[in-house]
Protein chains: 2
Amino acid sequence: MNAATKADVYRAIADPTRRAILDRLRAGGAPVNALAADFAQTRPAISKHLRVLKQARLVKEQRIGRERVYRLEPLPLQQVVGWLEGYRAMWQTNLDNLKRHLEKK
Amino acid sequence: MNAATKADVYRAIADPTRRAILDRLRAGGAPVNALAADFAQTRPAISKHLRVLKQARLVKEQRIGRERVYRLEPLPLQQVVGWLEGYRAMWQTNLDNLKRHLEKK
DNA sequence: CCAATAGGTAACCGATCAGTTACCTATGAA
DNA sequence: TTCATAGGTAACTGATCGGTTACCTATTGG
């Protein structure tokens with residue numbers, strides 16, 4: 001797998017557990033074990049998810065003693081927002097069409 | 001794979017070829033062979049991508065004679081927009097912090 | 001009617017996925 | 001100093017991925 005693919009934000013957010021981790025981190029940073037407890041998965045599984053998120057630069061890790069606190073770094077999500085921007089007009093049109101269709105009855 | 005996973009819009013947009021197909025369909029519907037030509041992939045590959053997009057309800061197919069024209073159906077993307085909405089405030093904060101940091105110098 | 005065309009799909013391939021267990025290092029506390 | 005704790009990681013597993021080739025059906029035009 002090449003570096004670009006590894007850092008791909010779309011790949012990072014494709015997994016529901018990773019999205020849940022990001023959602024959880026919105027409430028504040030957390031060490032790995034805390035996350036593992038929250039998500040009823042083993043620590044290595046969470047650790048691997050965090051690695052993917054780190055590669056996509058969606059989290060950063062801060063070492064405090066023997067703990068590693070992971071914090072949300074949401075900026076790369078803007079890439080997705082940017083891509084979706086081009087569709088906003090279209091689904092607005094779709095909704096308008098639906099509305100018009102319903103009103104025509 | 002369960003039905004929910006099959007219809008998952010995040011899974012559907014995780015692949016760059018599928019996102020390119022969606023982008024392409026914004027310019028208007030297209031039959032499978034036209035897409036296969038555009039993306040330098042074999043027809044079955046495109047056909048499978050279209051199936052995934054169809055399961056996620058991101059495209060719909062219209063049969064015209066022996067052609068099947070695929071059209072964009074962007075509404076499910078709103079789910080992603082909705083999820084991202086919760087992060088908008090945060091990266092705004094991040095940008096503000098960066099701005100403040102730069103101005104402090 | 002029949003040859004050409006559009007396109008779905010099964011079977012297969014190598015790569016990647018998400019998860020596990022087992023093991024390792026590093027740090028902190030008694 | 002030594003034991004407990006935090007957490008990374010290698011190796012393995014079964015599932016899924018994206019792509020191919022080969023084959024099938026349905027529709028069209030001459």
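Just so we're on the same page: letters track the sequence lines, and every chain starts at 1. A quick note: this is a predicted structure, and the numbers were derived from the prediction, not measured. Excluded from the calculations below are hydrogen atoms, water molecules and symmetry mates; all remaining heavy atoms, backbone and side chain alike, are included.
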Quickly work out the A/Glu67 CD to D/dA4 P distance and round it to whole Å.
19 Å

B/Arg19: salt bridge (charged side-chain N to carboxylate O under 4.0 Å, His left out) partners, not counting sequence neighbours:
none

With respect to the phosphate group of D/dC17, does any side-chain polar atom (N or O) of B/His49 fall under 4.0 Å of OP1 or OP2?
no

Nucleic acid contacts of residues 7-40 of chain A, taken as heavy-atom distances under 4.0 Å to DNA chain D:
A/Pro31, A/Val32, A/Asn33

Report the residues that fulfil salt bridge (charged side-chain N to carboxylate O under 4.0 Å, His left out) with A/Asp23, sequence neighbours left out, ordered by chain and then residue number.
none

Should A/Val80 and B/Leu72 be counted in the same cluster of Ile, Leu, Val, Met, Phe, Trp and Tyr side chains packed under 4.5 Å apart?
yes

Suppose we screen for salt bridge (charged side-chain N to carboxylate O under 4.0 Å, His left out). Which residues come up paired with B/Lys6, at least two apart in sequence or across chains?
none

For B/Tyr70, which of B/Arg24, B/Glu61, B/Lys60 qualifies under side-chain hydrogen bond (donor to acceptor under 3.5 Å, both in side chains)?
B/Glu61

Answer yes or no: does atom CZ of B/Arg57 have more than 12 heavy-atom neighbours from other residues, nucleotides or ligands under 6.0 Å?
no

Should side-chain heavy atoms under 4.5 Å link Ile, Leu, Val, Met, Phe, Trp and Tyr, which residues sit in the same cluster as B/Val69?
B/Ile64

How many whole angstroms separate atom CD of B/Gln62 from atom P of C/dA6?
17 Å

Review item, side-chain donor-acceptor pairs of residues 42-49 of chain A, under 3.5 Å, at least two apart:
residue	atom	partner	partner atom	Å
A/His49	ND1	A/Arg18	NH1	3.1

To 10°, what angle do the rotation axes through the five end pairs on each side of the helix from C/dC1-D/dG30 to C/dA30-D/dT1 form?
20°

What's the separation between atom CG in A/Leu50 and atom CD1 in A/Ile21, rounded to the nearest 0.5 Å?
5.0 Å

Here the pair of heavy atoms bringing A/Tyr10 nearest to B/Ile13 is CD2-O, 3.9 Å

Tell me, which pairs form a side-chain hydrogen bond (donor to acceptor under 3.5 Å, both in side chains) where one or both residues lie in residues 27-37 of chain A, sequence neighbours left out?
none

Nearest-Å distance, CG (A/Leu53) to P (C/dC17)?
13 Å

Is any side-chain nitrogen or oxygen of A/Tyr70 closer than 4.0 Å to OP1 or OP2 of D/dA6?
no

Can you tell me how far C1' of D/dG7 sits from CD of A/Glu61, to the nearest Å?
10 Å

Give a yes/no on whether any side-chain N or O of B/Thr42 is located under 4.0 angstrom from OP1 or OP2 of D/dG19.
no

Under 4.0 Å protein heavy-atom contact, by nucleotide of nucleotides 25-30 of chain C - B base, S sugar-phosphate only
--BS--

For a quick test of reading the model: is some side-chain N or O of B/Gln41 closer than 4.0 Å to OP1 or OP2 of D/dG18?
no

Can you name the salt bridge (charged side-chain N to carboxylate O under 4.0 Å, His left out) partners of A/Arg51, sequence neighbours left out?
none

For B/Gln79, the side-chain hydrogen bond (donor to acceptor under 3.5 Å, both in side chains) test, sequence neighbours excluded, returns none

Please tabulate, one pair per line, each protein N/O and nucleotide N/O from nucleotides 9-15 of chain D that are separated by under 3.5 Å, including the distance.
residue	atom	partner	partner atom	Å
D/dT9	OP2	A/Arg51	NH1	3.4

